[in-house]
Student: 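Sharing a structure here in C-alpha cells format.
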Amino acid sequence: MIKKFEIALIYTIGVILLTSLYAFTGVTHISYIPFFIVILGITGFYTFVRFNAEKFINLTNNWNVAFFFISSSFLMIIPFFNNGAEIKINDLVRVVSYCLFFSWAFFLFDKAESMKNFLFKLCLAALLVLFLEGLVYITMPLVMTLMLAKEPDRLYEMTGSLGDRNSFANAMVFLLALILITLPQMKKVYKLLFLVFVIGITVFFVEKSGSRAALLMIFLLLTIQGYNKITKKGLIYILIGGIVFSMIFLASLPALKEYALQNPASSISRLFFTDSNPKSIASNIERANSIYAGLDFILHNYIIFGPGSFAFESEWWAFTNHESHFPHNVFIFIWCQYGLFSIAYFYFLYIAIKRGLKSKLYSILAIYSIQFIFSPNAFYYVYAFLVMFIIDINFFLLNPPNKNGALSIPQN
C-alpha cells in the first residue's frame, strides 16, 4: 500500500514537472513558488529515504546541479557587493527539484523493465496533458489565457503551461521521442494505431505552434527512427514512397504557399517562407541581436568571468538596458553566466554525449542539439534533465554497453 502511494506520487509529480502544470495560476494569481516548495519537500524526502550513493553520483544531472550551485554562489559575490545586483534563485529551485525527482526515480525503479515501463507511462501521460492543452488553445484560447496569464498576446500564441510556443512544441517532440524509445510490446494493429495517434497529434500541434526548431526536431526524430528500422525490402518501399511524396509535394507547392500566406504563425510558413514572413523576420533579428549582445557581455567580463545564475538577470538587463533578449544559443548563454567556469559544464556534457552515443541514442542527441543551439537557457529546462536522465539510464540500466557487468547497477 505504501509503495503504491509512492508510485502514484512520483507519476503525479513527474507529469506536473514535465508539463509545468503549476503555471495554471492566472485566475488566482498565486505564485508557483509554494507548489515548488511542496514538490521539493516530497522529492527530497523520498530521495533521502531511498538514497543510494553509487547511483546518485552516476547521474549527470546531479553533477550539473552541483556546478550551478557552487559556481553561482562564488560568482555572485562581486556583482552583489560591487553593483548591488539582485539575487534570484528561481532557476536553482527548479533544477534542484528536477535533480531530486530523477534521482528518486532511479532509486525506486531499479530494474530495467520497471524503469522502461515508468518512463513510457510518464511521457505518454505528459503528452496527453499537452494534447488537451492544445485542444483548449484551439477551441477556447481566451480560457487558456485567463488560466495562464493576463498578457493579451498569449491569446494568439500556443504556449500552454510551458510558457512559450517553442517550449510547448519542443516538449511534445521530446515526449514523442521517449515514447518511441520505451514503446512496450503490443499487437501490430494496436501499435500502428497508437503510433499514428501520438505522431499525428505531435506533428499537428508542432505545426500549429509556429515553432521552427520543433519542426526541425520532429523531422530529425522521424528520419533517424525510420532509418534504424530500415531493411533491404523496406528500403525499396521507402524509395518508391519518396518519389511519390516528391511528386505530390511539387504538385501541391502552390497550395502550400497559399497556406503559408494565410497562416503566417504556422511552423511551415515561418521555416520555409522566412523571407516573406514578418514574424520570421522579426524573430531572426531578435535572435541575431541577442547573440551579439551576449558576445558583448562576455567581452565586458573579459571572457573569464560571469555573474553566475543568481545575479545574471540583474547584470544582463543593466548591461543591455532591456534592449536585448537573453542569447538564443546555449553555448553563448552559459558563458555569459559562468565565464571560464563553463568548461566544467561542457565536460559533463561531453560525458553525457559519449554515453548517449554508446547507448545509440542518436535521435535523442540530435533533437536535443537543436534545442541546445537555438534556445537561450535550455540547460535549465526540465527536458534537458530528462534527456540527461534517459542517457544515463540507458547507459547504466536499460542498455549497458558492457553486458558482463562492469557498469552494473547495485540491485536492491
Side-chain angles (χ1 to χ4, degrees), residues 7-8 10-24 98 101-102 105 109 115-139 144 147-148 157-186 190-211 213-222 224-226 267 361 363-364 366-368 370-371 375 378 381-391 393-394 398:
I7 290 175
I10 199 170
Y11 275 109
T12 302
I13 292 175
V15 172
I16 290 173
L17 292 177
L18 290 179
T19 59
S20 300
L21 284 178
Y22 48 81
F24 284 118
Y98 305 152
F101 172 77
F102 289 115
F109 301 101
M115 176 62 76
K116 187 176 179 180
N117 185 54
F118 164 70
L119 291 170
F120 173 77
K121 290 180 179 178
L122 176 65
C123 292
L124 179 59
L127 184 69
L128 291 176
V129 169
L130 296 183
F131 166 63
L132 293 175
E133 289 185 15
L135 289 180
V136 173
Y137 164 81
I138 292 173
T139 57
M144 180 63 76
M147 292 172 66
L148 291 172
E157 182 177 313
M158 184 178 288
T159 63
S161 53
L162 287 159
D164 65 79
R165 62 185 170 201
N166 285 311
S167 296
F168 179 85
N170 290 356
M172 293 199 76
V173 178
F174 278 121
L175 292 170
L176 173 63
L178 299 178
I179 287 170
L180 295 179
I181 290 173
T182 58
L183 190 66
Q185 293 293 327
M186 60 180 72
Y190 297 147
K191 183 177 182 179
L192 178 62
L193 292 174
F194 177 79
L195 290 177
V196 169
F197 173 71
V198 294
I199 294 174
I201 63 173
T202 304
V203 172
F204 176 78
F205 285 113
V206 164
E207 162 58 14
K208 292 292 291 184
S209 72
S211 173
L215 197 62
L216 288 173
M217 287 166 63
I218 200 165
F219 173 77
L220 280 175
L221 170 63
L222 296 179
I224 295 172
Q225 287 294 108
S267 296
L361 294 174
S363 60
I364 294 294
I367 63 175
Y368 183 56
I370 297 296
Q371 187 181 53
S375 298
Y381 294 173
V382 65
Y383 287 93
F385 281 74
L386 179 59
V387 167
M388 294 298 108
F389 182 67
I390 290 294
I391 289 173
I393 288 303
N394 270 271
L398 299 185

Student: Measure across Ala214 and Val173 and return the closest heavy-atom pair with its distance rounded to 0.1 Å.
Tutor: O-CG2, 3.9 Å
Student: Does the side chain of Val203 come within less than 4.5 Å of Ile218's, by heavy atoms?
Tutor: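 They are in side-chain contact.
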Student: Output yes when a side-chain donor or acceptor of Ser211 lies under 3.5 Å from a complementary backbone atom of Val206, and no otherwise.
Tutor: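 No, because the side chain of Ser211 does not come within donor-acceptor range (under 3.5 Å) of the backbone of Val206.
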Student: Would a 4.5 Å heavy-atom cut-off, applied to side chains only, mark Tyr137 and Phe168 as touching?
Tutor: no
Student: Measuring only between side-chain heavy atoms, which start at C-beta, is Ile13 closer than 4.5 Å to Phe101?
Tutor: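 SC-SC contact between Ile13 and Phe101 confirmed.
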Student: Looking at every non-hydrogen atom in both residues, tell me the closest pair between Phe174 and Ile367 and how far apart they are.
Tutor: CD2-CD1, 3.6 Å
Student: Are any non-hydrogen side-chain atoms of Leu124 and Phe194 less than 4.5 angstrom apart?
Tutor: yes
Student: Considering only heavy atoms from C-beta outward, does the side chain of Phe204 approach that of Met172 to under 4.5 Å?
Tutor: no
Student: Return the CD1 to CZ distance between Ile10 and Phe102, rounded to the nearest 0.5 Å.
Tutor: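 The CD1 atom of Ile10 sits 9.5 Å away from the CZ atom of Phe102.
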Student: For the side chain of Gln225 and the backbone of Leu180, is there at least one donor-acceptor N/O pair under 3.5 Å apart?
Tutor: no
Student: What's the separation between atom CD1 in Ile179 and atom CG in Leu119, rounded to the nearest 0.5 Å?
Tutor: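 Rounded to the nearest 0.5 Å, the CD1-CG separation comes to 11.0 Å.
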Student: Atom CG of Asn166 and atom CD1 of Ile370: how far apart are they, to the nearest 0.5 Å?
Tutor: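 It comes to 12.0 Å.
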Student: State which residue, out of Asn394, Val387, Ile393, fulfils the side chain to side chain contact (heavy atoms under 4.5 Å, CB included) condition with Ile391.
Tutor: Val387
Student: Is there side-chain contact between Tyr11 and Val15, with heavy atoms separated by less than 4.5 Å?
Tutor: no
Student: Less than 4.5 Å apart, any side-chain heavy atom of Leu21 and any of Glu133?
Tutor: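 They are in contact (side-chain heavy atoms under 4.5 Å apart), so the answer is yes.
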Student: Using the side-chain contact (heavy atoms from CB on, under 4.5 Å) rule, take Leu127 and Ile201 through it: C-alpha gap first, then chi angles, then the decisive distance, then the call.
Tutor: CA-CA 9 Å; Leu127 184 69; Ile201 63 173; 4.2 Å; yes
Student: Within the distance-only criterion (no hydrogens, no angle test), does the side chain of Tyr98 pair as donor or acceptor with the backbone N or O of Leu386 below 3.5 angstrom?
Tutor: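 Not at all, since once roles are kept as given, no pair shorter than 3.5 Å links the two residues.
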Student: Return the CG to CG distance between Leu18 and Leu122, rounded to the nearest 0.5 Å.
Tutor: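 Reported to 0.5 Å precision, the distance equals 5.0 Å.
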Student: Determine the interplanar angle of the Phe109 and Phe118 rings, folded into 0 to 90°, and report it as parallel if under 30°, tilted if 30 to 60°, perpendicular if over 60°.
Tutor: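 Parallel.
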Student: Once rounded to the nearest 0.5 Å, what's the spacing between atom CG of Leu178 and atom CG of Leu183?
Tutor: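 So the CG of Leu178 and the CG of Leu183 are separated by 12.0 Å.
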Student: Roughly how far apart are Leu128 CG and Leu175 CG, rounded to 0.5 Å?
Tutor: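 Here the interatomic distance stands at 9.5 Å.
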Student: For residues Ser363 and Ile181, report the shortest heavy-atom separation together with the two atoms involved.
Tutor: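 Of all heavy-atom pairs spanning Ser363 and Ile181, the closest is OG-CD1, 4.4 Å.
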Student: Looking only at the side chains, is there a donor atom on one of Ser167 and Asp164 sitting less than 3.5 Å from an acceptor on the other?
Tutor: yes
Student: Is there a side-chain contact between Phe385 and Leu17, using heavy atoms and a 4.5 Å cut-off?
Tutor: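 They are not in side-chain contact.
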